[in-house]
Amino acid sequence: MLQISVLRDQTELVLAGLAKKHYATGPADVAAILDLDQRRRSLQTSHDQAKTEGNEMARLIGPLLKKQNSAAIPALDGSLSPMEGISLASYQRQATEAKERVKTALLDLAQVEKEQQQLLYKLPNLPHASVPQGRAAQDNEVVREHGTKPTLGPDAQPHWELIKKYDIIDFELGNKITGAGFPVYKNQGARLQRALINFFLDEARNAGYTEIQPPILVNEASGYGTGQLPDKEGQMYHDAKDDLYLIPTAEVPLTNIYRDEIIAPDKLPVRMAGHTPCFRREAGSWGADVRGLNRLHQFDKVEIVQITEPDQSYGALEAMLAHVEGLLQQLNLPYRVLRLCGGDMGFTAALTYDLEVWSAAQGRWLEVSSVSNFETYQANRLKCRYRADGGKTQLLHTLNGSALALPRIVAALLENNQTSTGIDLPQVLHSYCGFERIG
RNA sequence: AGAGAGGUGGCAGAGUGGUCGAAUGCGACGGUUUCGAAAACCGUUAUACCGGCAACGGUAUCGGGGGUUCGAAUCCCCCCUUCUCUACCA
């Protein structure tokens with residue numbers, strides 16, 4: 001979430017950013033938050049004062065009570081003088097009264113903090129200056145296009161036909177065991193999956209990312225840490241019995257490794273890569289977009305995450321983008337890079353590049369990766385900080401990107417490389433697969 | 001899942017309801033000493049919020065949340081978690 005100090009000190013900037021993201025209730029929300037902030041601070045002050053008074057009284061009462069109690073022991077005879085007796089009674093009265101004030105201040109404070117928190121959670125991240133204006137997908141900026149689209153024969157088939165033809169992915173079977181959107185990978189289809197995962201992980205490791213195998217169920221705090229909660233609650237599968245969420249992306253467990261951490265500067269930047277299954281409820285999605293492998297409830301993905309010092313994060317973002325492009329180039333897939341416009345960007349991102357591969361038989365671009373810089377938006381929730389040369393602790397920047405998501409890569413590989421007798425896989429996968437063609 | 005024992009500062013490890021943010025040791029940092037280093041000695045060594053330009057002052061935090069009390073690391077309740085034994089299991 002946004003830092004309250006930024007809202008206070010750079011209100012105009014915040015409002016402009018929210019407008020660029022097409023966040024409609026920005027001005028009202030910001031005004032409400034600042035108003036609550038005023039009240040919060042004054043309540044905090046009166047709480048502190050009442051508490052100070054209570055503490056002082058307690059300090060005065062202690063010795064007097066002790067002396068009074070020792071009166072029972074003749075040798076000590078610590079009876080209080082009349083003056084002391086009066087003081088004691090007065091201290092006790094004051095202490096009780098201060099206690100009441102603390103109590104009410106605390107109740108009000110909790111209420112105000114809760115309201116402020118809820119409003120802050122609603123605010124999306126502010127877009128980076130280079131983010132194009134725009135409301136939706138058609139306003140995204142095409143940064144570059146790479147590779148040549150293959151020309152397919154007249155009998156070319158979309159991947160949902162090809163997978164049947166070669167019996168490598170079975171949707172009906174998944175439907176039987178689980179439900180729609182949970183395909184079963186078989187034979188060369190299963191081996192191709194495993195090959196791609198290994199290829200992606202090896203490439204990530206070679207690029208300096210530490211390989212991590214995180215849990216794929218996370219608790220509520222982790223969901224809040226990376227911003228899936230509270231606003232995207234319905235998109236995650238939730239195990240109510242244990243109050244755990246199936247991860248929609250490895251970003252969640254990986255980034256949360258550093259929740260509530262102050263990272264030593266010599267450990268920066270943090271670079272992590274992990275392969276996990278990802279689960280998305282995608283409630284309400286339907287239509288031609290979701291055929292075949294285009295949209296699934298469960299899929300595999302290799303994710304890369306970086307945590308950097310603030311002035312390093314945009315360099316890291318470009319490096320991550322270059323890494324993902326390298327993967328696509330090695331897979332020999334035509335792709336394009338988009339810089340998302342303000343209205344199409346994710347809630348938590350400051351700048352996002354989407355990478356799309358050309359799906360030849362479908363004749364459309366498929367998003368296979370999204371590489372984002374969140375700046376301090378996640379770090380603020382995560383309390384992920386570092387100490388800059390002996391100074392104060394400071395929030396870090398978090399970034400992540402898919403490198404890569406499997407199903408759409410598979411779809412493009414199948415469609416783009418099909419021949420009438422089989423599918424020729426790109427060279428780089430031959431040794432990983434143990435075969436060169438499907439069929 | 002059942003029984004028992006624990007969870008204290010970067011780590012180790014004390015702690016009686018009453019100046020306990022918390023002894024002590026280690027580690028780290030700064031200094032003295034040294035040609036340099038080691039050793040020794042001295043000092044510093046959490047996070048967050050509020051007020052203040054700042055110096056600084058206040059408040060909270062001893063797994064988490066409630067409660068008792070003028071006052072809780074210390075007493076009571078609930079939850080989480082670690083270890084040991086038993087049961088079960090890949």
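In this text, all values refer to a predicted model and were calculated from it rather than measured experimentally. Convention: sequence-line order gives letters A, B, ...; per-chain numbering from 1.
A side chain to side chain contact (heavy atoms under 4.5 Å, CB included) with I169(A) holds for exactly one of L192(A), V410(A), V184(A); it is V410(A).
One can place CG of L64(A) at 13 Å from C1' of G71(B), the figure rounded to the nearest angstrom. The CG atom of D266(A) sits 13 Å away from the C1' atom of G10(B) (whole-angstrom rounding). If you take CD of Q116(A) and C1' of C50(B), they are 13 Å apart, rounded to a whole angstrom. Rounded to a whole Å, the NZ atom of K51(A) is 22 Å from the P atom of A48(B).
The backbone N or O of K241(A) lies less than 3.5 Å from a partner atom in the side chain of D239(A), making a donor-acceptor pair. Of the possible polar contacts, one joining the R408(A) side chain to the E367(A) backbone as a donor-acceptor pair under 3.5 Å is found. A donor-acceptor pair is defined here as one N or O able to donate and one able to accept, closer than 3.5 Å; such a pair exists between the side chain of K21(A) and the backbone of G346(A). Within the 3.5 Å criterion, the main-chain N or O of V305(A) finds no donor-acceptor partner in the side chain of N400(A).
Using atom P as the reference point in both A90(B) and G6(B), the two lie 34 Å apart (nearest Å). Here, G63(B) and U82(B) have their P atoms 16 Å apart, quoted to the whole Å. Between C88(B) and G17(B), the distance separating the two P atoms is 44 Å to the nearest Å. Nucleotides U45(B) and G58(B) are separated by 16 Å at their P atoms, to the nearest Å. A14(B) and G64(B) have their C1' atoms separated by 24 Å, with the value rounded to a whole Å. Remark: the separation of the C1' atoms in G21(B) and A73(B) is 11 Å, to the nearest Å. Spacing of C1' atoms, A46(B) relative to G52(B), comes out at 23 Å, to the nearest Å. A gap of 28 Å separates the C1' atoms of G15(B) and C29(B), to the nearest Å.
In summary, the side chains of D48(A) and T45(A) do not present any donor paired with an acceptor at a separation below 3.5 Å, with no hydrogens or angles considered. Side-chain atoms of Q306(A) and T308(A) include no donor-acceptor pair closer than 3.5 Å.
Not counting sequence neighbours, H22(A) has no partner by the ring pair (Phe, Tyr, Trp, His ring centres under 6.0 Å) test. Taking N55(A) as the reference, nothing meets the side chain to side chain donor-acceptor pair (under 3.5 Å) condition, with sequence neighbours excluded. Listed by chain and residue number, nothing satisfies the ring pair (Phe, Tyr, Trp, His ring centres under 6.0 Å) test with Y23(A) (two or more places apart in sequence, or in another chain). Taking the side chain to side chain donor-acceptor pair (under 3.5 Å) definition, one finds that S370(A) meets it with D354(A), sequence neighbours left out. Take Y432(A) and apply the ring pair (Phe, Tyr, Trp, His ring centres under 6.0 Å) test, not counting sequence neighbours, and it matches F199(A). With sequence neighbours left out, the salt bridge (Lys or Arg N to Asp or Glu O under 4.0 Å) criterion links R8(A) to D37(A). Y224(A) meets the ring pair (Phe, Tyr, Trp, His ring centres under 6.0 Å) test with Y121(A); sequence neighbours excluded.
A salt bridge does not link R385(A) with E261(A): every distance from a Lys NZ or Arg NE/NH1/NH2 to an Asp or Glu carboxylate oxygen is 4.0 Å or more.
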Using atom names, set out every protein N or O paired with an N or O of nucleotides 61-64 of chain B below 3.5 Å, distance rounded to 0.1 Å.
none

Is there any protein nitrogen or oxygen under 3.5 Å from a nitrogen or oxygen in nucleotides 65-70 of chain B, and what are the pairs?
none

Can you give me the N/O atom pairs linking the protein to nucleotides 52-58 of chain B at distances under 3.5 Å, or say none if there are none?
{"unit_1": "G58(B)", "atom_1": "O3'", "unit_2": "T52(A)", "atom_2": "OG1", "d": "3.2"}
{"unit_1": "G58(B)", "atom_1": "O2'", "unit_2": "T52(A)", "atom_2": "OG1", "d": "2.9"}
{"unit_1": "G58(B)", "atom_1": "N2", "unit_2": "D48(A)", "atom_2": "OD2", "d": "2.9"}

Could you run down the sub-3.5 Å N/O contacts of the protein with nucleotides 44-47 of chain B?
{"unit_1": "U47(B)", "atom_1": "OP1", "unit_2": "R387(A)", "atom_2": "NH1", "d": "2.4"}
{"unit_1": "U47(B)", "atom_1": "OP1", "unit_2": "R387(A)", "atom_2": "NH2", "d": "2.3"}
{"unit_1": "U47(B)", "atom_1": "O3'", "unit_2": "R385(A)", "atom_2": "NH1", "d": "2.9"}

Show each protein N/O and nucleotides 74-81 of chain B N/O combination with a separation under 3.5 Å, one pair to a line.
none

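Of the nucleotides present, G43(B) is the one that pairs with C29(B) by Watson-Crick or G-U wobble criteria, both distances under 3.5 Å. Partner assigned to G15(B) is U8(B), using Watson-Crick or G-U wobble distances below 3.5 angstrom. Across every strand in view, G71(B) sits unpaired, with no contact that passes the Watson-Crick or G-U test at under 3.5 angstrom. For A90(B), there is no paired base (Watson-Crick or G-U wobble, both distances below 3.5 Å). With both pairing distances under 3.5 Å, A37(B) is matched to nothing as a Watson-Crick or G-U wobble pair. The partner of A23(B) is absent, by the rule that a Watson-Crick or G-U pair needs both atom distances under 3.5 Å. The pairing partner recorded for C85(B) is G2(B), the criterion being a Watson-Crick or G-U wobble arrangement whose two distances lie under 3.5 angstrom. For A55(B), there is no paired nucleotide, since no Watson-Crick or G-U wobble pair has both relevant distances below 3.5 Å.
Note: H128(A) and Y314(A) meet the aromatic proximity criterion, with ring centroids under 6.0 Å apart.
Along RNA chain B, the nucleotide closest to T45(A) and the one closest to E53(A) are compared, and the more 5′ of them pairs with T45(A).
Ring geometry for H297(A) versus Y237(A): interplanar angle over 60°, hence perpendicular rather than tilted (30 to 60°).
Counting non-hydrogen atoms of other residues, nucleotides and ligands closer than 6.0 Å to NZ of K232(A) gives a total above 12.
Note on R40(A): every side-chain N or O is 4.0 Å or more away from OP1 and OP2 of C49(B).
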